Trainee: 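My questions all concern the structure below.
All figures in this text were calculated on a predicted structure; none of them were measured in a lab. Side-chain atoms are counted along with the backbone in the values below, which use heavy atoms only and exclude waters and symmetry mates. In what follows, chains are A, B, ... by sequence order, proteins preceding strands, each numbered from 1.
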Amino acid sequence: MEKSLALPQIAWLRLFRRRLGSWFDLHAKDLPWRKRKDAYSVWISEIMLQQTQVATVCGYFERFLRAFPTVDNLAQAEEEQVLRLWEGLGYYRRARQLHKAAKFLVAEHGGEFPREIDAVRRLPGIGRYTAGAILSIAYDIPQPILEANTLRVYSRLLGYEGDPHSSAGQKLLWSMAEAVIPKTRSGRVNQALMELGREVCKARNALCDNCPVAPLCKALEKGLQNRIPRPKAKPKIEEVCEAAVVVRRRSRVLLVKRGDGGRWAGLWDFPRFPLNAEHPAARRKELIDGVRRLTGVTIAPGELLQTLQHSVTRFRITLECYAAEYVSEDGRKTSSEIKWLRPAELEKYPLNTTGRKIASIIL
DNA sequence: AAAACGGGGAT
DNA sequence: ATCCCAGTTTT
C-alpha cells in the first residue's frame with residue numbers, strides 16, 4: 001500500500017523558492033548560453049542540451065552561434081552545414097528539426113520566436129519541457145519544466161518511491177513543477193532547479209550536506225536520497241556485425257547519404273550493412289552485394305583495414321572496415337545519393353563518429 | 001506504454 | 001562495464 005503524496009503547501013513553496021533562489025545567486029555557473037538572453041540562443045542551447053550533458057554542449061553551442069548568430073543565418077544555411085556543426089553530438093534529428101523550425105520562423109513569424117506556449121509547442125523538436133524552458137528563461141514567462149534534474153529533485157523532495165516515468169509519476173511530478181513555478185523570475189527558478197540537480201542533488205551521490213533545501217527533503221529524512229528515483233530497467237543489448245567499405249577509385253572514395261527515418265539520417269557514410277556469412281568466400285560476396293545494393297557500384301573487395309566497436313540503441317556493433325577497388329558502376333538507379341570524394345573533402349561533409357574515425361584512417 | 005534515436009562523461 | 005545525461009517523436 002502506497003501512501004498518497006500531497007503537493008506542498010504555499011508556505012513550503014515560498015520557503016523552497018527563497019532558499020533555492022539564494023543558493024543559485026551564489027552558485028550559478030557561468031555557462032555560455034547565459035551570456036546572451038535572447039530566445040534564439042536559449043532555443044539553440046535547449047535543443048543541444050536534450051539528453052546531452054552541459055559540459056559536452058558548451059563547445060558545440062559556441063561554435064554553432066559563431067556560425068549562425070541569428071535565426072536568419074540558420075534559416076539560410078544548408079542542412080549539411082548544420083549537421084556538420086552537430087557532428088558528434090548525436091540525435092541528429094534535433095539538428096534537422098532545428099533547421100526546419102528556423103526556416104519556418106523566418107518564413108511565417110518574421111524571424112521572431114513566439115511567446116505563446118502553443119505556438120512554441122508546434123515547432124518541430126520542441127516538447128513540453130523545451131517549450132517551458134525557453135519561455136521561462138528567455139521571456140520570464142511562468143512555465144514549468146520537467147527533465148532529468150527536476151525529475152530527480154522533485155522525486156527526492158517528495159519522497160516519491162514509485163516509477164517517475166510512469167504515467168502516474170509524470171502526472172505527480174508535472175503537478176509539482178506547476179506548483180513550484182513562481183509568477184516572476186521563473187527562468188531563474190527553472191535554471192536553479194536544474195543546476196541544483198546537476199551539482200548537488202546528483203544521480204549517483206547526492207551531496208545533501210551542501211543542499212540549500214535539505215531540511216525540506218523527504219528522501220533525505222528517510223535516508224533514501226540515493227535510492228530515489230528508482231533506476232530504470234535496462235534494455236537488452238544485441239550483438240551484431242556490420243561491414244563498412246572504403247571503395248577507392250583513383251584518388252577518391254565512395255560515400256553514400258543516409259536516408260530519412262533511420263539512424264544518422266542526413267549524414268554521409270561509407271557504404272555500411274550487416275554481415276552474416278562465416279566463410280571468407282561468402283563474406284566476400286556479401287561485401288560485393290552490399291555495396292552494389294546501397295550504391296549501384298561494383299567493387300573488388302580488399303583487405304580488412306580495421307575493426308571498430310560502437311554502440312547504438314539496443315545494439316553493440318562490431319564494425320569491420322574493408323578496403324575495396326572500384327570495378328564498374330551499374331546504370332541501375334539506386335534510391336540513395338552517392339558521392340566520390342577526395343579524402344580532403346571529407347571534412348566538409350557531416351559523418352557520424354564512426355565514419356569520422358574511418359575517414360581519419362584514409363588521411 | 002514502449003521503442004527509436006548517439007555519443008560521451010563519470011564512476 | 002554500467003549508468004546517466006537541461007527529451008521528442010514514432011510505433
Trainee: Using atom CD1 of Ile181(A) as one end and atom P of dA6(C) as the other, report the distance to the nearest whole Å.
Mentor: 18 Å
Trainee: Classify the angle between the aromatic ring planes of His27(A) and Trp23(A) as parallel (below 30°), tilted (30 to 60°) or perpendicular (above 60°).
Mentor: parallel
Trainee: Taking the P atom of each, how far is dT11(C) from dG6(B), in whole Å?
Mentor: 15 Å
Trainee: Is Tyr91(A) close enough to dT9(C) that one of its side-chain N or O atoms is under 4.0 Å from OP1 or OP2 there?
Mentor: no
Trainee: Over all strands shown, is Thr313(A) touching base, sugar-phosphate only, or nothing at heavy-atom distances under 4.0 angstrom?
Mentor: base
Trainee: Could you check whether Tyr322(A) and Glu320(A), counting side-chain N and O atoms only, form a donor-acceptor pair closer than 3.5 Å?
Mentor: yes
Trainee: Contact class for Pro235(A) (heavy atom, under 4.0 Å): base, sugar-phosphate, or nothing?
Mentor: nothing
Trainee: Contact class for Arg96(A) vs. all strands (heavy atom < 4.0 Å): base, sugar-phosphate, or nothing?
Mentor: nothing
Trainee: Send over the distance from Leu49(A) CG to dG7(B) C1', rounded to a whole Å.
Mentor: 15 Å
Trainee: By nearest nucleotide on DNA chain C, pick out whichever of Lys234(A) and Trp33(A) is the more 5' one.
Mentor: Lys234(A)
Trainee: Quick check for you: among dG6(B), dC5(C), dG7(C), whose closest atom lies nearest to any side-chain atom of Gln53(A)?
Mentor: dC5(C)
Trainee: Please give, in whole Å, the distance from dG8(B) P to Arg356(A) CZ?
Mentor: 12 Å
Trainee: Could you state the CD1-P distance from Ile237(A) to dA4(B), rounded to the nearest angstrom?
Mentor: 10 Å
Trainee: Could you check whether atom CG of Leu26(A) has more than 12 heavy atoms from other residues, nucleotides or ligands sitting under 6.0 Å from it?
Mentor: yes
Trainee: On a plain distance test, is the side chain of Thr52(A) in donor-acceptor contact with the base of dG6(B) below 3.5 Å?
Mentor: yes
Trainee: Have a look at Trp86(A) and say if it touches a base, only the backbone sugar-phosphate, or nothing, with a 4.0 Å heavy-atom cut-off.
Mentor: nothing
Trainee: Does either side chain, that of Thr150(A) or that of Glu147(A), offer a donor lying less than 3.5 Å from an acceptor on the other one?
Mentor: yes
Trainee: Can you tell me, in whole Å, how much space there is between the P of dT8(C) and that of dG9(B)?
Mentor: 23 Å
Trainee: Side chains of Glu329(A) and Thr298(A): donor-acceptor distance under 3.5 Å anywhere?
Mentor: no
Trainee: What contact category does Leu196(A) fall into here, base, sugar-phosphate, or nothing, at under 4.0 angstrom with non-hydrogen atoms?
Mentor: nothing
Trainee: Indicate, with a heavy-atom threshold strictly under 4.0 Å, whether Leu89(A) touches base, sugar-phosphate, or nothing.
Mentor: base
Trainee: If you only use heavy atoms from C-beta on, which nucleotide in dG7(C), dA6(C), dG6(B) is closest to the side chain of Met194(A)?
Mentor: dA6(C)
Trainee: Hey, is the side chain of Thr353(A) poking within less than 4.0 Å of OP1 or OP2 on dG7(B), counting only N and O atoms?
Mentor: yes
Trainee: Rounded to the nearest angstrom, tell me the gap between atom CD in Gln191(A) and atom C1' in dA6(C).
Mentor: 10 Å
Trainee: Assess the pair Trp86(A) and Tyr60(A): is the distance between their ring centroids shorter than 6.0 Å?
Mentor: no
Trainee: Under 4.0 Å: is that the gap between some side-chain N or O of Gln51(A) and OP1 or OP2 of dG7(C)?
Mentor: yes
Trainee: Let's see if you can work this out: which of dG7(B), dC5(C), dC5(B) has an atom nearest to the side-chain heavy atoms of Ala203(A)?
Mentor: dC5(C)
Trainee: Check every strand shown and say whether Ser311(A) touches a base, only sugar-phosphate, or nothing at a heavy-atom separation below 4.0 Å.
Mentor: nothing
Trainee: What is the distance from CZ of Arg122(A) to C1' of dT8(C), rounded to the nearest Å?
Mentor: 17 Å
Trainee: Is Gln97(A) touching bases, backbone alone, or none of the nucleic acid, heavy atoms closer than 4.0 Å?
Mentor: sugar-phosphate
Trainee: Using a cut-off of 4.0 Å on non-hydrogen atoms, how would the nucleic acid contact of Arg34(A) be classed: base, sugar-phosphate, or nothing?
Mentor: base
Trainee: Within this structure, what is the CG-to-P distance between Leu123(A) and dT8(C), rounded to whole angstrom?
Mentor: 12 Å
Trainee: Check every strand shown and say whether Thr130(A) touches a base, only sugar-phosphate, or nothing at a heavy-atom separation below 4.0 Å.
Mentor: sugar-phosphate
Trainee: Which is true for Asn190(A) with a 4.0 Å heavy-atom rule: it touches a base, it touches only sugar-phosphate, or it touches nothing?
Mentor: nothing
Trainee: Would you classify Arg198(A) as touching base, sugar-phosphate or nothing, given that sugar-phosphate means primed atoms plus P, OP1 and OP2, and contacts are heavy atoms under 4.0 Å?
Mentor: base
Trainee: With heavy atoms under 4.0 Å as the rule, sort Arg93(A) into base, sugar-phosphate or nothing.
Mentor: base
Trainee: Want to settle it: does Ala168(A) or Trp264(A) sit nearer the 5' end of DNA chain B, counting the closest nucleotide to each?
Mentor: Ala168(A)
Trainee: Decide if the gap between the ring center of Trp340(A) and the ring center of Tyr326(A) is smaller than 6.0 angstrom.
Mentor: yes
Trainee: In whole Å, I'd like the distance from the CZ atom of Phe61(A) to the P atom of dA6(C).
Mentor: 16 Å
Trainee: I want to check one thing: is the phosphate of dG6(B), taken as OP1 and OP2, less than 4.0 Å away from some side-chain N or O of Arg94(A)?
Mentor: no
Trainee: If you measure only the distance, is there a donor-acceptor pair under 3.5 Å linking the side chains of Thr52(A) and Arg94(A)?
Mentor: yes
Trainee: Taking atom P in both dA6(C) and dC5(B), compute the distance separating them and give it to the nearest angstrom.
Mentor: 23 Å
Trainee: Just to be sure I understand the rule, does Ala148(A) reach a base, reach only the sugar-phosphate, or reach nothing, if contact means heavy atoms closer than 4.0 Å?
Mentor: sugar-phosphate
Trainee: In terms of the nearest nucleotide of DNA chain B, which residue is placed more toward the 5' end: His165(A) or Arg204(A)?
Mentor: His165(A)
